[in-house]
Amino acid sequence: MENIHIRCPKCSWEPDGRPHWQCNCGTIWDTFSTGARCPGCGKVWKYTQCVDHNVGGCSATSPHLDWYQGLDDVVNKLKEEMEESWSKVKTG
Ligand SMILES: [Zn+2]
Ligand SMILES: [Zn+2]
C-alpha cells in the first residue's frame, strides 16, 4: 500500500486517520481504514464526503475510489479488490 496516496479529489485534503465519517447506524469511524465499509453494520459507502472547511476539507462528495491515487496498476488492483468485496455486501 506504500505507493498509494489517499486525498480528496476535489481539494486534495488528506485523511488524517481520524474518525470523520458517520454511518446511519450511528458508527463513527475512519472510512479509509476499512475500504469504505462501516464496521458497525457492514454497509459500504460508495461515495465519501470530504471533511468540513473548519478541519481543512471542502465538504464535497466524491466516489470513494476516486480518493485513491498512486501507481496506476497498484491503484487499479486495489480498486478491483474493493469493488469485488463490495459486490458481496449491501452498498449505499
Ligand atoms: Zn453502519
Ligand atoms: Zn475536499
Side-chain angles (χ1 to χ4, degrees):
M1 296 279 286
E2 68 269 20
N3 293 316
I4 296 173
H5 197 65
I6 301 174
R7 55 113 187 87
C8 173
K10 304 270 169 52
C11 75
S12 298
W13 176 80
E14 296 178 21
D16 53 13
R18 300 174 74 161
H20 292 290
W21 294 271
Q22 182 168 17
C23 182
N24 46 24
C25 75
T27 299
I28 297 173
W29 85 112
D30 169 18
T31 191
F32 296 100
S33 70
T34 61
R37 187 182 312 204
C38 171
C41 70
K43 180 175 175 174
V44 165
W45 292 84
K46 286 194 166 182
Y47 288 82
T48 295
Q49 187 176 19
C50 192
V51 297
D52 286 340
H53 292 276
N54 61 9
V55 280
C58 67
S59 300
T61 299
S62 306
H64 185 79
L65 296 178
D66 283 1
W67 286 68
Y68 294 82
Q69 297 285 308
L71 295 176
D72 283 349
D73 52 345
V74 177
V75 171
N76 287 337
K77 182 89 167 46
L78 175 73
K79 288 180 178 179
E80 279 175 21
E81 289 173 2
M82 216 178 283
E83 283 178 330
E84 184 177 329
S85 75
W86 286 2
S87 70
K88 301 179 183 117
V89 297
K90 56 185 173 175
T91 59

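The first residue of the sequence shown is numbered 1, and numbering continues consecutively from there. Both ligands and their constituent atoms are indexed starting at 1 by order of listing. Quantities reported herein were computed from a predicted structural model and do not represent experimental measurements.
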Any heavy-atom pair between the side chains of [Y] and [X] that's under 4.5 Å?
X	Y	result
Glu84	Glu80	no
Thr27	Cys41	no
Cys50	Trp67	yes

Kindly give the heavy-atom pair with the smallest separation between Trp45 and Cys23, and that separation in Å.
NE1-SG, 3.6 Å
Sequence neighbours excluded and cut-off under 3.5 Å, please list the side-chain donor-acceptor pairs for residues 55-66, or say none.
unit_1: Ser59; atom_1: OG; unit_2: Asp52; atom_2: OD1; d: 3.2
unit_1: Ser62; atom_1: OG; unit_2: Lys10; atom_2: NZ; d: 3.2
unit_1: His64; atom_1: ND1; unit_2: Thr48; atom_2: OG1; d: 2.7
unit_1: His64; atom_1: NE2; unit_2: Tyr68; atom_2: OH; d: 2.9

Value for SG (Cys38) from CD (Gln22), rounded to nearest 0.5 Å, stands at 9.5 Å
May I ask you to decide whether Lys79 forms a salt bridge with Glu83, counting only side-chain N to carboxylate O separations under 4.0 Å?
no
Would you please name every residue forming a side-chain hydrogen bond (donor to acceptor under 3.5 Å, both in side chains) with Thr34, sequence neighbours left out?
Trp29
Under 2.8 Å from the Zn ion (ligand 2), how many protein N/O/S atoms can be counted?
4
Under 2.8 Å from the Zn ion (ligand 1), the protein N, O or S atoms, given as residue and atom:
Cys23 SG, Cys25 SG, Cys38 SG, Cys41 SG
Looking just at side-chain N and O atoms, do Gln49 and His20 make a donor-acceptor pair shorter than 3.5 Å?
no
